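Position 1 is the first residue of the sequence; numbering continues from there. Everything numeric in this text was worked out from a predicted model, so none of it was measured.
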Amino acid sequence: MILTTVQKLKKREPVDWALDYVEECLSFLMDSDIEQDYKMQMVYSAGRDLAYLYQKMISEGTSCHKGILMTEGEASGKTAVLRLLVKATPCPAQQRIHPVKKILFYFISNLNYLKNFFSGLKLEPSSATISLSFTRETLVIAEDRGLNPEVLKMNGHPLLLCSLPYKEEAPACYLNSFHTVFLFANNYSPVLQRHIILHEIGHILFDLRNSRWKSKKAFQYLYSLLQEKFSHSKVASLENPRKKFMEELCADLFATYLLYSEFKKEGSRDSRVNFCEKLSAATRLYLLSLNSH
């Protein structure tokens, strides 16, 4: 049985609650003495409870900016873990397309991923939480440089930015499969904090490179310019490390471009990318291509 119910989330630290929930789910699903049909009934029932509370948290605990959902503080932790668990949990409609064994396989894989993610967080309390007003200001600055927040949706689902009251080793992370950004507390300068936010959004912009024909062509041109600046000899030649390096580089590129006015004010540039006129024009062209329908 899954004893860590959604009702208990109200009185628990969200990540600790989620970790207990995930571990109980895995134990329940891996029990060979439990019939498969009963497992599915329990999974769907738990999924409905999670979805109900998640929608309630979205309506009561989030702010929206042009299709982007934002939340901060204690509410952000609850909203974040619910978002991840809801997206990881299968719904009954999937049985019309996939066999139960396949559904359970992917559900267990998702749960193991979340277990590793949750258990890797230190959850060190901090009062230096990034505020919603600061995040909104950052988005407005990026919009002035060509970012269209509407393109950041994934299959119609809005991006969720969660500003949590914890200090972690990394100041932020983007979970692609769950279309959620975690922003952790830090005492960096305002311009660097803005860069961190937009770097994570930069990962989404990178993922959109094949979303339409114009974007694909614009990105290929941008990518060719980056390859000239960062040759293969400068990084590992293995495909996966090279791809990860280029993704991080592109996320940094987009964040730096969108914050050009802020860097100019401070006379600093906390980035691996030095813009020339050609690279700047290629970045602007790519951002414009994402708006094409």
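- Val151 and Leu285 fall into different hydrophobic clusters, where Ile, Leu, Val, Met, Phe, Trp and Tyr are joined by side-chain heavy atoms under 4.5 Å apart, directly or via other members.
- The cluster map of Ile, Leu, Val, Met, Phe, Trp and Tyr, joined by side-chain heavy atoms under 4.5 Å apart, puts Tyr221 and Met246 in the same cluster.
- Between Phe28 and Tyr38 the shortest side-chain heavy-atom distance falls below 4.5 Å.
- Taking hydrophobic clusters as Ile, Leu, Val, Met, Phe, Trp and Tyr residues chained together by side-chain heavy-atom distances below 4.5 Å, Tyr44 shares a cluster with Val100.
- Judged by a 6.0 Å distance limit and a 45° cone about the ring axis, Arg83 is not positioned over the six-membered ring of Tyr54.
- Pairing each heavy atom of Leu225 with each of Lys278, the nearest pair is CD2-CD, 3.4 Å.
- Note that OG of Ser215 is 9.5 Å distant from CG of Leu287, once rounded to the nearest 0.5 Å.
- For CG of Asp31, the number of neighbouring non-hydrogen atoms (other residues, nucleotides, ligands) closer than 6.0 Å is greater than 12.
- Shown here is Lys11, whose NZ atom has no more than 12 heavy atoms of other residues, nucleotides or ligands within 6.0 Å.
- Ring geometry, His203 versus His199: the interplanar angle exceeds 60°, so the pair is classed perpendicular (tilted spans 30 to 60°).
- Between Met57 and Thr71, every side-chain heavy-atom pair lies at or beyond the 4.5 Å cut-off.
- The minimum heavy-atom distance linking Thr180 with Cys162 is given by the pair CG2-SG, 4.2 Å.
- Ile197 has its side chain within reach of Phe134: a pair of non-hydrogen atoms, C-beta onward, lies under 4.5 Å apart.
- Here the shortest heavy-atom pairing between Tyr188 and Pro171 reads CE1-CB, 4.0 Å.
- Judged by distance alone, the side chain of Trp17 and the main-chain N or O of Thr5 form a donor-acceptor pair under 3.5 Å.
- Under 4.0 Å is where a charged nitrogen must lie from a carboxylate oxygen, and between Lys8 and Asp20 no such pair does.
- Side-chain contact check for Tyr286 versus Leu253: every heavy-atom pair is 4.5 Å or farther apart.
- In terms of modelled atom types and a separation under 3.5 Å, the side chain of Glu168 and the main chain of Ala170 share no donor-acceptor contact.
- Taking hydrophobic clusters as Ile, Leu, Val, Met, Phe, Trp and Tyr residues chained together by side-chain heavy-atom distances below 4.5 Å, Val140 does not share a cluster with Leu259.
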For this session: For Phe254 and Ile204, run side-chain contact (heavy atoms from CB on, under 4.5 Å): C-alpha distance rounded to whole Å, both residues' side-chain angles, the deciding distance at 0.1 Å, then the answer.
Result: CA-CA 10 Å; Phe254 296 134; Ile204 304 169; over 6 Å; no
Problem set entry | Asn112/Val22 under side-chain contact (heavy atoms from CB on, under 4.5 Å): CA gap, chis, key distance, verdict | CA-CA 8 Å; Asn112 278 315; Val22 167; over 6 Å; no
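- Remark: aromatic rings of Phe219 and Phe206 are close, center separation under 6.0 Å.
- Judged by distance alone, with hydrogens and angles left aside, the side-chain atoms of Ser76 form a donor-acceptor pair with the main-chain N or O of Ser163 at under 3.5 Å.
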For this session: Could you check Tyr174 against Ile201 for side-chain contact (heavy atoms from CB on, under 4.5 Å), going step by step and ending with a plain yes or no?
Result: CA-CA 8 Å; Tyr174 170 62; Ile201 289 177; over 6 Å; no
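- Considering every non-hydrogen atom in both Lys66 and Glu150, the closest pair reads O-OE2, 3.2 Å.
- Leu161 places none of its side-chain heavy atoms less than 4.5 Å from the side chain of His65.
- Once rounded to the nearest 0.5 Å, the distance linking CE of Met30 with SG of Cys25 reads 13.0 Å.
- Leu85 contributes atom CG, which lies 7.5 Å from atom CG of Leu111 (distance to the nearest 0.5 angstrom).
- Within a 6.0 Å radius of NZ in Lys39, other residues, nucleotides and ligands contribute more than 12 heavy atoms.
- Across Thr129 and Pro165, no two heavy atoms sit closer than the pair OG1-CA, 3.4 Å.
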Exercise. When you look at Glu23 and Lys115, which way does the side-chain contact (heavy atoms from CB on, under 4.5 Å) test go after all the steps?
Worked result: CA-CA 7 Å; Glu23 289 177 338; Lys115 179 181 178 180; 3.8 Å; yes
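- For Gln95, the CD atom sits in a packed shell: over 12 heavy atoms of surrounding residues, nucleotides or ligands are nearer than 6.0 Å.
- Residues Tyr52 and Leu9 do not share a hydrophobic cluster, defined by chaining ILVMFWY side chains whose heavy atoms lie under 4.5 Å apart.
- With hydrogens and angles left out, the side-chain atoms of Tyr106 and Gln94 include no donor and acceptor closer than 3.5 Å.
- Looking only at side-chain heavy atoms (C-beta outward), Phe184 and Leu121 come within less than 4.5 Å of each other.
- Within 6.0 Å of atom CE in Met154, more than 12 heavy atoms from other residues, nucleotides or ligands are found, so the atom counts as buried in its surroundings.
- Note on ring orientation: taking the six-membered ring where Trp is involved, the planes of Tyr113 and Phe178 are parallel (angle under 30°, cut-offs 30° and 60°).
- Annotation: the span from Ile141 atom CD1 to Glu262 atom CD amounts to 4.0 Å, rounded to 0.5 Å.
- The two residues Ile196 and Ala172 have their closest heavy-atom pair at CG2-CB, 3.5 Å.
- Side-chain contact between Leu290 and Asn148 is absent, with no heavy-atom pair separated by less than 4.5 Å.
- Interatomic distance, Ile68 CD1 to Thr135 OG1, rounded to the nearest 0.5 Å: 10.0 Å.
- Residue Lys87 places its NZ atom among more than 12 non-hydrogen atoms of other residues, nucleotides or ligands, all under 6.0 Å distant.
- At least one side-chain heavy atom of Arg48 sits less than 4.5 Å from a side-chain heavy atom of Ser45.
- For the atom pair Glu200 CD and Phe182 CZ, the distance stands at 11.5 Å (nearest 0.5 Å).
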